[in-house]
Amino acid sequence: MPLDRKPAPNDLNAFWMPFTSNRQFKSDPRMLVSAQDMHYTSADGRQILDGTAGLWCCNAGHCRPKITEAVQKQVAEMDYAPAFQMGHPLAFELANRIVDVAPEGMEHVFYCNSGSEAVDTALKIALAYHRARGDASRTRLIGRERGYHGVGFGGISVGGIVNNRRHFGSLLAGVDHLPHTHLPENSFTKGQPDHGAHLADELERIVALHGAETIAAVIVEPMAGSTGVLMPPKGYLQRLRDITRKHGILLIFDEVITGFGRLGSPFAAQHFGVTPDMITCAKGLTNGVIPMGAVLTTPQIHDAFMQGPDHMIELFHGYTYSGNPIACAAGLATLDTYAEEGLLTRAATLETYWQEALHGLRDLPNVVDIRNMGLIGAVELAPIEGQPGKRAFDAFLRAYEAGILIRVTGDIIAMSPPLIISQQQIDQLIGTLAEVLKT
């Protein structure tokens, strides 16, 4: 959008463009000017109930005192420390705390600055791991249709959302995709759907086509979020684990959305009882306060790089801000908040209430599917003929006017409120959405 153009009333895309000047927007009611716990405050002074945890990231709600104080203290104590050849205690303390809540066997942490960087890091680790073991022919990466893995070239390449790919050329070579798991027969499922585990067997077809000796890693979201909240069919993830292990292929779970309590366990790997070789995380790691991401790995992967002399670089990869002290302070305070308030498992206690409220929308106009798990849910709407995405976008605008923040992707409304939400606030969120859908 040109910087000097004032947005039209429905030109909300202006807010999504990083090049946009905000001088003309200061009084626009769609501007969010402050936040606290479950609510944003808009420029016109209204309280907006956050139904999306910011952008899937503010799991403990907004402006939590312990996190705020930790960041303020750390800024004054040490603002930056180099991540290469040096270290600082908070980075190790946070790594240990992450490992404490991670699935058993995830014992090492590589820091980065976002989910996108975590994905690209995991893919690079996978390629380098095989090379370090003398298996350099394993260069192929396998993603999944309708998968979202951030905006780096690696993440876009293994991702499977068409509009995230179409503008950026051929991307990485040597990438293939599994089919998505969103099947019509699973409509209005509560929790994991019954049908679709067989779709994991498509990996065997890809192995037969390319040869297992050429495939480095498979990356999937255990529950696909940004594409519209797609649940894994029963048995699907375990089947993927079995096939990847059989062929010596690394399995990566992208838990940027599902990590840190979204499904009622610290990580989705624990929720589904399937442990991958690597986990990517971000968002809830610092409650969205400071950009930070991480890749969790097994000792087997970590140790493959630790064979040379001490003065040599083990892995030629890293970021200026890896393990930034302020981000580490935010992460530690976030984990403290989760622990003190039981937030990493709270979604499990609210899941039934959330589920029944959400599925109460089933008979409203244009609702064609509802799906849920933990404290996440989606309401899929029938598209307007010739205008895909418009019905949900109109609902998004009307919902904001009515005092709730939801998220849309295509004609799917996605909700993932902060884990501190109360039953009364669930009633408000879903009840307000019901009134919107009736229009």
Side-chain angles (χ1 to χ4, degrees), residues 78 80-100 102-141 149-150 152-155 157-158 172 174 213-219 244-245 248-256 259 269 275-282 285 291-325 327-328 331-332:
M78 182 170 67
Y80 178 81
F84 301 160
Q85 288 84 46
M86 306 295 291
H88 62 90
L90 290 183
F92 290 89
E93 184 181 350
L94 178 59
N96 288 333
R97 292 284 302 281
I98 294 170
V99 167
D100 285 344
E104 185 176 353
M106 292 289 158
E107 297 181 11
H108 297 277
V109 178
F110 191 106
Y111 291 119
C112 50
N113 306 291
S114 68
S116 295
E117 288 185 2
V119 166
D120 280 14
T121 295
L123 298 178
K124 291 177 72 175
I125 289 174
L127 297 172
Y129 165 77
H130 288 296
R131 180 173 289 274
R133 297 175 68 248
D135 223 354
S137 64
R138 288 186 181 266
T139 60
R140 187 171 293 276
L141 302 168
H149 302 291
F153 271 99
S157 298
V158 295
L172 296 185
E213 72 280 1
T214 71
I215 301 174
V218 171
I219 182 169
T244 52
R245 186 176 286 123
I249 300 166
L250 297 181
L251 178 61
I252 305 168
F253 277 1
D254 183 344
E255 295 221 36
V256 171
T275 302
D277 300 292
M278 284 186 273
I279 289 175
T280 65
C281 62
L285 174 56
M292 192 180 208
V295 179
L296 315 184
T297 76
T298 62
Q300 179 184 3
I301 292 175
H302 170 269
D303 294 348
F305 296 101
M306 302 301 161
Q307 305 302 319
D310 289 343
H311 68 278
M312 296 296 291
I313 297 172
E314 296 90 356
L315 176 65
F316 282 81
H317 177 70
Y319 302 95
T320 300
Y321 299 104
S322 291
N324 177 273
C328 288
L332 286 165

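In this structure the side chain of Leu296 never reaches within 4.5 angstrom of the side chain of Phe253, judged on heavy atoms. Between Leu94 and Met292, some side-chain heavy-atom pair lies under the 4.5 Å cut-off.
The salt bridge (charged side-chain N to carboxylate O under 4.0 Å, His left out) search around Asp120 returns none, not counting sequence neighbours. Considering only residues two or more places apart in sequence or on other chains, Met78 meets the side chain to side chain contact (heavy atoms under 4.5 Å, CB included) condition with Gln74, Ala81, His88, Pro325. Residues forming a side chain to side chain contact (heavy atoms under 4.5 Å, CB included) with Arg133 (at least two apart in sequence, or on another chain): Tyr129, His130, Asp135, Ala304. With sequence neighbours left out, the side chain to side chain contact (heavy atoms under 4.5 Å, CB included) criterion links Ala217 to Ala126, Leu141, Leu250, Ile252. Residues satisfying the salt bridge (charged side-chain N to carboxylate O under 4.0 Å, His left out) test with Arg140, not counting sequence neighbours, are none.
Once rounded to the nearest 0.5 Å, the distance linking CG of Leu123 with OG of Ser157 reads 8.5 Å. A distance of 10.5 Å separates OG1 in Thr139 from CD in Glu213, rounded to the nearest 0.5 Å. Annotation: the span from Ile249 atom CD1 to Arg138 atom CZ amounts to 6.0 Å, rounded to 0.5 Å. Taking CD1 from Ile219 and CG from Asp254, the interatomic distance works out to 5.0 Å, rounded to the nearest 0.5 Å.
The minimum heavy-atom distance between Gly293 and Leu285, with the atom names listed, is C-CD2, 4.1 Å. Here the closest non-hydrogen pair linking Tyr319 and Phe84 is N-CZ, 3.9 Å. For Ala118 against Cys281, the heavy-atom pair with the smallest separation is CB-O, 3.9 Å. Taking all atoms of both residues into account, the shortest heavy-atom contact from Cys328 to Leu90 is CB-CB, 3.8 Å.
The environment of Arg97 atom CZ is dense: over 12 non-hydrogen atoms of other residues, nucleotides or ligands sit within 6.0 angstrom. Enclosure of atom CZ in Phe92 is not indicated, since only 12 or fewer non-hydrogen atoms of other residues, nucleotides or ligands lie within 6.0 angstrom.
Met278 pairs in a side chain to side chain contact (heavy atoms under 4.5 Å, CB included) with only one of the listed residues (Thr121, Ile125, Leu251, Thr298), which is Ile125.
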Name each donor-acceptor pair under 3.5 Å that joins a side chain in residues 105-114 to protein atoms two or more places apart or in another chain, with its distance.
residue	atom	partner	partner atom	Å
Tyr111	OH	Ala91	O	2.6
Tyr111	OH	Ala95	N	2.9
Asn113	ND2	Glu117	OE1	2.8
Ser114	OG	Ser116	N	3.4
Ser114	OG	Glu117	N	3.1

